[in-house]
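Just so you know, ligand 1 is whichever comes first in the structure, and atom 1 is the first atom listed for that ligand. If you read the sequence from its start, that first residue is 1, and numbering goes on from there.
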Amino acid sequence: MIKYCIGCGIKLQCEEPFEDGYVNPKNFDEVVMCKRCFRLKHYGEYKVTNKSNSYYKNIIKDIFKMNELVLHIVDLFNMGNMEYIYSKIYSPCILLISKIDCIPKSVNKDKIIEYFKIKYPKYKEIILISSEKNYNIDLVLDKINKYKNGKNVYVLGNTNAGKSTFINKMIKNYTENNNFIVTSYMPSTTLNVISIKINDDLTLLDTPGLLNDGDINNYINEDIVKKIGVKQEINPRIYQIKEKTSLLIDDIGRINVLNESNISIYISNNVTIDKISYINNEKFLNLESIKIKVKKDCDLVIEGLCFIKCLSDTYFEVYMPGKVDIYTRDKLI
Ligand SMILES: Nc1nc2c(ncn2[C@@H]2O[C@H](COP(=O)(O)OP(=O)(O)OP(=O)(O)O)[C@@H](O)[C@H]2O)c(=O)[nH]1
Ligand SMILES: [Mg+2]
């Protein structure tokens with residue numbers, strides 16, 4: 001009998017204890033979840049999977065050929081290469097911008113929607129959601145019913161975008177079912193397509209998230225991954241820079257600001273930032289660095305870690321681990 005894990009979608013197997021999908025052969029008939037999901041769900045223990053991005057791309061590739069509604073979920077704090085999915089979708093698609101509970105309340109949310117509307121005109125709708133706070137989930141259901149072609153609606157996005165958490169909220173709000181998908185702050189939690197029946201006319205299909213080589217989460221340890229993951233409303237760190245200054249970003253890296261400027265850093269509240277003088281400290285200078293100019297009213301993005309809004313032209317020297325993507329864009333908020 002072939003069985004699939006209700007937590008991550010992987011095929012259950014009893015032969016390879018160190019491979020994904022393993023369950024103890026004695027329990028095979030009763031269990032509904034693989035050992036990896038069981039330990040993650042009950043003990044918070046995360047086991048790294050060795051699956052590659054091409055493995056995940058292969059799983060979702062046929063979805064692009066179907067004429068079914070797609071929900072593309074994007075985390076505002078880690079958008080990664082959202083163009084990959086955007087460029088492949090030809091069926092109707094709704095953009096869900098997740099974790100909106102983490103945006104400071106003072107931010108004008110209409111401006112965020114406007115930003116994405118101009119850049120990505122193909123989406124039928126753009127909706128800001130918070131699965132944690134149950135914000136706009138009813139609106140998403142209305143729009144699903146408006147645009148879906150058949151019963152099936154696919155949920156796509158990068159790893160950690162919040163796809164499974166969103167589907168769990170749909171399960172909680174609109175079904176009597178208590179079988180929730182496993183979620184976590186670590187990457188690659190969902191490993192295969194998981195089909196969730198919401199009602200006779202609607203089945204949501206969760207998918208494994210795509211990986212992004214430029215995401216800082218690839219280059220830091222689990223404790224730091226946990227620390228930089230944004231979990232609650234961000235208090236932006238505002239700095240008035242008078243002279244060359246170094247900002248030491250926790251145990252992660254260093255941002256030198258080379259000219260007088262006003263900047264706001266949007267980063268997890270759990271990350272400490274030490275402002276020190278430019279000289280007299282060698283910390284992180286061994287990491288790879290890039291020099292980058294950010295124009296007035298633009299952001300500097302350090303993928304997966306933070307974005308920095310600049311109120312005037314600002315010159316940065318950024319030292320980060322690995323091959324993290326560091327780039328500028330028009331200001332998001
Ligand atoms: N604050 C906040 N956190 C959220 C929200 N939605 C998801 N998260 C968190 O984001 C992390 C990733 O969520 P998942 O639902 O596992 O992400 P995923 O897109 O399914 O990831 P993969 O299965 O790896 O593709 C978890 O720590 C969630 O608790 C939200 O609305 N608000
Ligand atoms: Mg998932």
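Close approach of ligand 1 to Asp101 (heavy-atom distance below 4.0 Å) involves ligand atoms 1 (N), 2 (C), 30 (C), 31 (O), 32 (N). Interface atoms of ligand 1 facing Ser130, defined by a heavy-atom separation under 4.0 Å, are 31 (O). The Thr165 neighbourhood of ligand 1 comprises atoms 6 (N), 7 (C), 13 (O), 14 (P), 15 (O), 28 (C), with distances under 4.0 Å to a heavy atom of that residue. For ligand 1, the atoms sitting less than 4.0 Å from at least one non-hydrogen atom of Gly209 are 25 (O), numbered in the order shown with element in parentheses. Heavy-atom contacts of Ser188 reach the following atoms of ligand 1: 24 (O) (cutoff under 4.0 Å). Annotation for ligand 1: atoms under 4.0 Å from non-hydrogen atoms of Ser184 are 11 (C), 12 (C), 13 (O), 16 (O), 26 (C), 27 (O). In summary, the atoms of ligand 1 found under 4.0 Å from a heavy atom of Lys231, numbered by their order in the structure, are 1 (N). For ligand 1, the atoms sitting less than 4.0 Å from at least one non-hydrogen atom of Cys102 are 1 (N), numbered in the order shown with element in parentheses.
Taking CD1 of Ile167 as the reference point, atom CZ of Phe180 lies at 12.5 Å (rounded to 0.5 Å).
Considering backbone and side-chain atoms together, Thr183 places no N or O closer than 3.5 Å to any N or O of ligand 1. Taking only nitrogen or oxygen atoms, main chain and side chain alike, Ser131 reaches within less than 3.5 Å of ligand 1. Considering both main-chain and side-chain atoms, Asp206 never comes within under 3.5 Å of ligand 1 through any nitrogen or oxygen pair. For ligand 1, the polar-atom distance check against Gln232 finds no nitrogen or oxygen pair separated by under 3.5 Å.
The aromatic rings of Phe307 and Phe77 lie parallel to each other, their planes meeting at an angle below 30°, with 60° marking the opposite boundary.
Among protein heavy atoms, the minimum distance from atom 17 (O) of ligand 1 is reached at Gly162 N, 3.2 Å. In this structure, the protein non-hydrogen atom closest to atom 2 (C) of ligand 1 is Glu132 CG, 3.2 Å. Among all protein heavy atoms, the one lying closest to atom 19 (O) of ligand 1 is Lys163 NZ, 2.7 Å.
Judged by the shortest distance from any of its heavy atoms, Ala161 lies inside the 4.0 Å radius around the atoms of ligand 1.
In this structure, Lys65 fails the cation-pi test against Tyr90, since its NZ or CZ atom is not both closer than 6.0 Å to the six-membered ring centre and inside 45 degrees of the ring normal. Seen from the ring of Tyr55, Lys51 counts as a face-on cation partner, given the 6.0 Å and 45° thresholds. Under the 6.0 Å distance and 45° angle rule, Lys3 counts as a cation-pi partner of Phe28.
Tyr120 and Tyr86 have their aromatic ring centers within a separation under 6.0 angstrom.
Within the coordination shell of the Mg ion (ligand 2), defined by N, O or S atoms under 2.8 Å, Ser164 is present. At a threshold of 2.8 Å, the Mg ion (ligand 2) has a backbone or side-chain N, O or S atom of Thr190 nearer than that distance.
Judged purely by distance below 3.5 Å, without hydrogens or angles, the side chains of Ser131 and Thr165 never pair a donor atom with an acceptor atom. With hydrogens and angles left out, the side-chain atoms of Asn160 and Asp75 include no donor and acceptor closer than 3.5 Å.
For the side-chain contact (heavy atoms from CB on, under 4.5 Å) with Leu247, the lone residue among Asp274, Ile276, Ile308, Ile263 that qualifies is Ile263.
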